[in-house]
Amino acid sequence: MTTIRLDAVRRTFGAVRAVDDISLTIGQGEFFTLLGPSGCGKTTLLRMIAGFCDVEQGSVWFGDQRIDKLPAHRRNTGMVFQNYAIFPNLTVARNVAYGLRARGVDRAQIATRVEKALQTVRLGGYGERWPHQLSGGQLQRVAIARSLVIEPAVLLFDEPLSNLDAQLRVQMRVEIRQLQQSLGLTAVYVTHDQEEALAISDRIAVLRAGRVEQVGSPEAIYRAPETAFVAEFMGATNMLPGEAGAFDGTTTPVAACGHTLHVAGQVAAPGAKVMLSLRPETLRLVAAAAGGPCLPVRLQLREFLGPIVRLHMVLPDGTPIRVSALAGQDAAAMPEGDLALAYDPAQVVAFPAP
Amino acid sequence: MKSLGGIAAFRNATTLIALAFLALFLLYPLWLVLQNSLQDEASGQFTLQNFTQILSSPYYLGSFRNSVVAGALSTVLASLIGVPLAFCLARVDLPGKSALMTLASLPLVLPSFVSAYALVLLFGHAGVVTVALRAIGIPIGSIYGMSGIVIVFTLTLYPYVLLPTVAGFRAIDVSIEESGRNLGASRWYVFRTVLLPVVMPAMLAGALLVFIEALENFGVPSVLAEDKPYLAVDIFKLFAGESDSNPAAAGALSVLLVATTALVLLLQRHYLARRRFATGARRAPPAIPLSRPWRLAASVFSWGIVLLSVMPFVAVVVISFLRFHGPVLSWEFGLNNYASLLRGSYQPLYSTLLLASMAALLATLLGAPIGYVLTRHRTRLSGLLDVVGMIPFAVSGTVLAIGLLLAFNSGWLVLTGGWLILVVAYVVRKLPFSIRSASAIVHQIDPSLEEASINLGVSPLKTFVTLTVPLMLGGLAGGMVLIWVTAASELSSTIVLYSSKWATMTVTMFQALQGTGAGEAAAAASILIVFTLVPLLLVYRLLRRHDGSLL
Ligand SMILES: Nc1ncnc2c1ncn2[C@@H]1O[C@H](COP(=O)(O)OP(=O)(O)OP(=O)(O)O)[C@@H](O)[C@H]1O
Ligand SMILES: [Mg+2]
């Protein structure tokens with residue numbers, strides 16, 4: 001139960017700046033996620049907190065204690081590894097007891113705490129089993145119990161669910177979140193799966209090439225991305241290049257793909273090149289005749305995905321654009337004739353063109 | 001790294017102790033050999049005369065040429081046998097495949113000069129087969145000299161090519177082959193253009209090992225060369241011979257030998273550094289469906305080669321139970337060879353057991369931490385250790401032993417005449433193997449296991465001792481047995497360094513060979529074979545290596 005503060009930390013490997021002057025403050029009891037594409041430095045940053053990776057510059061603080069010079073085994077963090085890292089030569093109970101024995105806790109207490117930790121992760125009674133007798137999901141739970149039982153200052157997760165199958169992944173992330181909330185632990189979680197990050201976090205930091213691109217709540221990151229990179233990384237979106245016109249007091253007209261879109265607020269100086277992000281689920285298919293802000297489109301392909309239908313459309317100038325619609329409310333139900341996409345000017349996000 | 005705590009001290013201590021050990025017992029002796037070769041023997045002045053003398057002597061040039069030619073021929077033949085055999089083992093459904101695999105790796109650990117001696121017993125001047133054939137009027141050619149040496153090298157060293165090539169063929173995912181066939185290529189075409197090039201680096205790495213081993217080997221030419229000059233034998237004679245001793249010339253020849261092997265080793269490293277094909281087979285490719293005649297042919301070929309290579313050892317054991325009348329065998333069974341061998345004393349038996357055990361223990365105690373440090377905590381200094389630690393590969397046992405004699409015959413540290421110098425020689429010679437096998441073991445332990453332990457509050461040093469070492473033990477035991485086995489049958493440095501009190505079984509056998517005790521030599525050879533096989537079979541059982549390979 002600690003706040004974590006990273007102050008301009010940096011780490012280079014050869015010519016690569018894996019972590020490039022990152023500053024973050026993670027609040028007490030917060031579930032904080034580091035999200036980003038492969039190689040962006042998530043693992044490096046996490047390992048700096050755990051003490052497995054030297055901090056070249058800057059400092060790391062737990063509360064008001066500076067810890068970046070403290071050896072890894074004295075930092076009191078509980079880390080859950082991607083491949084579980086369960087000691088194959090110890091039973092489940094001995095695995096969980098490992099950190100307690102290292103701390104010299106007395107035997108009677110170890111036994112009760114281990115059993116309690118195993119019950120917490122719903123593995124009560126599994127103590128005498130050997131690791132090779134457990135499934136992947138169970139091993140991951142042992143790893144979590146092993147980290148919890150030492151009552152760490154912070155919990156660290158490095159892609160803990162990426163070795164599990166899709167269903168188990170969803171189930172485990174709910175369990176991890178509930179555990180963290182009920183114990184009130186500060187947690188730092190690394191993933192490259194944006195859906196997982198959105199589902200589990202209090203706040204997310206999106207990383208790109210060793211730098212923080214944006215920090216914020218899942219809603220803010222998803223709805224109001226500050227950069228085109230974040231917009232694209234947080235799930236499929238339609239990016240349309242355009243040129244801003246003069247702000248009329250409520251919206252800015254943007255000429256894009258042979259049409260004029262209206263974007264809420266003043267997004268850029270007149271004549272500036274911009275990129276517009278239109279999320280597929282904010283677009284609605286309507287008959288061309290209907291009023292309101294909309295774009296004329298032609299249907300190219302329809303993908304049925306169960307709960308939703310993905311429509312692949314093209315604008316008159318040939319630019320592809322994708323739309324997600326709830327099944328039963330899409331083109332199949334549409335009248336013959338010209339189609340259009342209705343959009344909400346408030347949900348269009350504009351970025352300066354690169 | 002500061003955050004590594006106690007492990008940094010451990011790493012530095014390991015590196016420094018290992019470097020000190022190698023500097024004292026490898027580099028310093030080698031330096032003395034070099035220095036010796038550049039000195040005038042009488043005056044101690046610097047001179048190149050020893051080299052010019054050798055390079056202008058037809059005898060020594062012949063000796064060098066013979067060694068290189070024998071090495072090259074053996075390498076080619078071992079590859080010609082090894083690659084098809086590897087393909088059969090990897091891809092043909094052979095009867096008794098796992099037994100075949102075990103037998104095929106045996107010649108590597110059985111003492112090769114025993115195989116050479118078996119050839120003499122069977123086909124030598126008074127050999128069983130020679131005599132039998134002569135009796136019915138069929139003369140056979142001499143197996144002494146080049147032909148015999150090449151045959152023995154080929155039959156004892158081909159596993160160096162075979163084992164990595166089998167692994168190579170097994171690591172090629174079947175989809176690669178299928179896509180070739182899918183594109184319209186015949187099986188043979190795919191083999192030639194895809195499979196063979198992919199296993200080529202592994203094969204060549206093995207082939208160069210064959211060459212180096214053949215070049216350095218002392219035992220086989222000393223049994224089979226008769227009068228033909230061979231580098232390894234001449235070095236020994238020049239150094240230790242009673243009549244024609246010339247240590248300076250021995251030094252010059254040694255430098256020549258070490259330079260050649262080092263060059264080959266460097267070529268091998270250079271070549272391999274640029275060629276690695278990741279083929280990531282999820283499982284071994286399936287056996288190729290063959291028609292009955294082809295399958296029969298493959299089985300006969302595979303079993304034929306493997307049995308042929310193991311046969312000499314079987315022959316020696318059988319012959320050791322026969323009675324000799326002088327050099328001539330008679331078909332009476334008995335234990336009298338063993339009786340007369342051990343009548344002298346049991347001391348060689350004890351010496352062998354003791355020295356090999358000490359060597360195996362020390363080489364492991366030294367090599368395992370080095371292997372760990374090199375794999376997990378590389379620094380510039382430990383990088384140096386990586387290079388120095390592989391030098392013993394390039395140094396033949398005879399040359400190392402000569403260097404040790406030069407270094408520790410007088411002065412502040414006198415080791416000659418005792419047991420320690422033998423142990424030192426064995427440890428130095430087996431160190432590369434020990435380091436490599438330890439580092440292979442560490443590679444298989446996921447680093448996150450150690451990190452998890454540290455993360456849970458156990459210091460890095462304690463993690464190493466209480467977690468990593470127990471995880472390594474199984475593999476280390478296997479490596480230790482292999483060191484034991486090869487140290488027990490070590491001849492080339494033993495023969496230079498032993499003192500009568502510490503003569504080993506190999507020395508006994510060597511002396512029996514030189515004298516008239518053919519029967520005793522056979523008995524000694526058989527004891528060596530037993531010494532080799534029993535621990536191997538035990539460890540094989542223990543580790544349950546189902547892939548059948550012993551190495
Ligand atoms: N030990 C190392 N030596 C050299 N370079 C490294 C090392 N560790 C990381 N890097 C480099 O630092 C950068 C960041 O690596 P890092 O492992 O932190 O990425 P990541 O965000 O965790 O990626 P992934 O999602 O693939 O796990 C990469 O470019 C990587 O190649
Ligand atoms: Mg990572």
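Side chains included, hydrogens not; waters and symmetry mates left out as well; all remaining heavy atoms used. Letters A, B, ... are given to chains in the order of the sequence lines, protein chains preceding strands, and every chain is numbered from 1. Worth saying up front: this structure is predicted, and the values here are computed from it rather than measured.
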J.: Checking heavy atoms, do the side chain of Asn455(B), its backbone, both or neither come under 4.5 Å from chain A?
T.: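 Backbone plus side chain of Asn455(B), per the 4.5 Å heavy-atom cut-off to chain A.
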J.: When only pairs under 4.5 Å are counted, which of Val458(B), Ile445(B), Leu471(B), Thr466(B) shares the most heavy-atom pairs with chain A?
T.: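 Looking at each of Val458(B), Ile445(B), Leu471(B), Thr466(B) in turn, Val458(B) comes out on top.
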J.: Determine, step by step, whether Leu100(A) and Leu456(B) satisfy the side chain to side chain contact (heavy atoms under 4.5 Å, CB included) criterion, reporting the C-alpha distance in whole Å, the side-chain angles of both residues, the deciding distance to 0.1 Å, and the verdict.
T.: CA-CA 8 Å; Leu100(A) 296 175; Leu456(B) 292 167; over 6 Å; no
J.: Contact part of Arg101(A) toward chain B, heavy-atom cut-off under 4.5 Å: side chain, backbone, both or neither?
T.: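 Interface part for Arg101(A): neither.
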J.: Taking all non-hydrogen atoms of both residues into account, name the closest pair between Ala85(A) and Ser448(B) and its distance.
T.: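 Result for this residue pair: CB-O, 3.4 Å.
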J.: Among His73(A), Arg74(A), Arg75(A), find the residue that satisfies the side-chain contact (heavy atoms from CB on, under 4.5 Å) test when tested with Ile454(B).
T.: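 Between Ile454(B) and the candidates, side-chain contact (heavy atoms from CB on, under 4.5 Å) is satisfied uniquely by His73(A).
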J.: Take atom CG in Asp106(A); do more than 12 heavy atoms of anything else shown fall under 6.0 Å from it?
T.: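 More than 12 heavy atoms, drawn from other residues, nucleotides or ligands, come within 6.0 Å of this atom.
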J.: Mind checking the CG-CZ spacing from Leu449(B) to Phe81(A)? Nearest 0.5 Å is all I need.
T.: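 So the CG of Leu449(B) and the CZ of Phe81(A) are separated by 9.0 Å.
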